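A note on names: the letters A, B, ... follow the listed sequences, proteins ahead of strands, and every chain is numbered from 1. As the structure is a prediction and not an experimental result, all values here were calculated from the model.
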Amino acid sequence: MHEEPKPSHSYIGLIAMAILSSKDKKLVLSDIYQWILDHYPYFRTRGPGWRNSIRHNLSLNDCFVKSGRSANGKGHYWAIHPANEEDFMKGDFRRRRAQRKVRK
DNA sequence: GGGTGTTTAAGACGCA
DNA sequence: TGCGTCTTAAACACCC
């Protein structure tokens, strides 16, 4: 049994899992989209919008780093930060040092 | 121009 | 009650 196609994690977790599940721990944006769509049909019916959020999380969090360019100069390969890699594998899908703005 | 990447803004929610 | 986190939307800079 098992795997329920339900969003049990936040975008951070989904993206992290997608990259961690890859062979070389590197994925392109299109690959990340595909992985999520392939594991969570929930987003298939969500229409556009979640894509924007994915990009947002990728760029906003320090956990996601760019690794070279894509195969055809489409975008960049996205990987997990070494420091956050361990945390993600532990199941700690939380936002690391990001958006550290002093909202006063 | 389209896709990608970055940034701002704001509303909803959980927690100490 | 305030703070931090998450989510969504949208404008905008960059690259082929």
Side-chain angles (χ1 to χ4, degrees):
Chain A
M1 339 329 124
H2 351 197
E3 273 158 308
E4 316 212 301
K6 290 186 202 163
S8 32
H9 303 276
S10 17
Y11 283 115
I12 322 268
L14 294 178
I15 298 168
M17 281 189 215
I19 298 177
L20 288 171
S21 309
S22 72
K23 240 161 79 160
D24 290 293
K25 288 230 5 264
K26 287 187 211 160
L27 285 180
V28 203
L29 213 110
S30 324
D31 287 327
I32 297 173
Y33 288 156
Q34 279 303 118
W35 189 95
I36 296 177
L37 287 173
D38 198 55
H39 285 256
Y40 295 89
Y42 163 76
F43 287 100
R44 269 179 98 236
T45 54
R46 221 153 204 244
W50 66 276
R51 294 189 187 191
N52 223 348
S53 300
I54 296 291
R55 285 193 243 143
H56 190 167
N57 281 275
L58 280 168
S59 297
L60 193 75
N61 287 266
D62 285 339
C63 339
F64 308 113
V65 294
K66 294 183 288 264
S67 194
R69 298 179 197 70
S70 75
N72 255 329
K74 234 182 168 189
H76 295 87
Y77 270 104
W78 288 95
I80 308 286
H81 203 274
N84 282 270
E85 194 183 308
E86 306 275 306
D87 289 289
F88 283 138
M89 284 187 178
K90 272 161 56 160
D92 193 10
F93 299 116
R94 247 178 287 182
R95 218 192 248 185
R96 279 285 157 200
R97 273 109 135 146
Q99 203 179 72
R100 213 93 276 229
K101 59 157 62 163
V102 191
R103 284 208 81 177
K104 272 263 143 99

Exercise. Would L14(A) and V65(A) show up in the same hydrophobic cluster when neighbours are defined by side-chain heavy atoms closer than 4.5 Å?
Worked result: no
Problem set entry | T45(A) side chain vs Y42(A) backbone, donor-acceptor pair below 3.5 Å |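 Looks like yes, one N/O pair under 3.5 Å.
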Exercise. Got a sec, which residues hit ring pair (Phe, Tyr, Trp, His ring centres under 6.0 Å) with W50(A), two or more places apart in sequence or on another chain?
Worked result: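 Ring pair (Phe, Tyr, Trp, His ring centres under 6.0 Å) check on W50(A) returns Y33(A), F43(A).
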Problem set entry | Given DNA chain C, 5'-ward residue of the pair I12(A) and P48(A), judged by closest heavy atom |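 Nearer the 5' end of the strand: I12(A).
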Exercise. Quick one: are I19(A) and W35(A) in side-chain contact, heavy atoms under 4.5 Å?
Worked result: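 No; the side chains remain at least 4.5 Å from each other.
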Seminar exercise, completed: Separation of dG4(C) atom P from N61(A) atom CG, nearest Å, is 16 Å
For this session: Quickly work out the R94(A) CZ to dC3(C) P distance and round it to whole Å.
Result: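 Atom-to-atom, R94(A) to dC3(C), this comes out as 20 Å.
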Problem set entry | Qualifying residues under side-chain hydrogen bond (donor to acceptor under 3.5 Å, both in side chains), relative to K25(A), sequence neighbours excluded |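 Partners of K25(A) by the side-chain hydrogen bond (donor to acceptor under 3.5 Å, both in side chains) criterion, ordered by chain and then number, come out as E85(A).
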Problem set entry | R51(A): partners by side-chain hydrogen bond (donor to acceptor under 3.5 Å, both in side chains), with sequence neighbours left out | none
Exercise. Should Y11(A) be listed as having a side-chain N or O under 4.0 Å from OP1 or OP2 of dT8(C)?
Worked result: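 True: Y11(A) side-chain N/O within range (under 4.0 Å) of dT8(C) OP1/OP2.
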Problem set entry | Gap separating the OG atom of S67(A) from the CG atom of L27(A), nearest 0.5 angstrom |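 Between atom OG of S67(A) and atom CG of L27(A) there are 11.0 Å.
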Exercise. Got a sec, which residues hit side chain to side chain contact (heavy atoms under 4.5 Å, CB included) with S30(A), two or more places apart in sequence or on another chain?
Worked result: K74(A)
Interface polar pairs with nucleotides 3-7 of chain B, N/O, under 3.5 angstrom:
{"residue": "dT4(B)", "atom": "OP1", "partner": "S30(A)", "partner atom": "OG", "Å": "3.3"}
{"residue": "dG5(B)", "atom": "OP1", "partner": "H76(A)", "partner atom": "N", "Å": "2.9"}
{"residue": "dG5(B)", "atom": "OP1", "partner": "H76(A)", "partner atom": "ND1", "Å": "3.2"}
{"residue": "dG5(B)", "atom": "OP1", "partner": "W78(A)", "partner atom": "NE1", "Å": "3.2"}
{"residue": "dG5(B)", "atom": "OP2", "partner": "W78(A)", "partner atom": "NE1", "Å": "3.2"}
{"residue": "dG5(B)", "atom": "O6", "partner": "R55(A)", "partner atom": "NH1", "Å": "3.2"}
{"residue": "dT6(B)", "atom": "OP1", "partner": "K66(A)", "partner atom": "NZ", "Å": "2.1"}
{"residue": "dT6(B)", "atom": "OP2", "partner": "S59(A)", "partner atom": "OG", "Å": "2.8"}

For this session: Return the angle between end axes of the helix from dG1(B)-dC16(C) to dA16(B)-dT1(C), with five pairs used per end and rounding to 10°.
Result: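 Answer rounded to 10°: the end axes differ by 10°.
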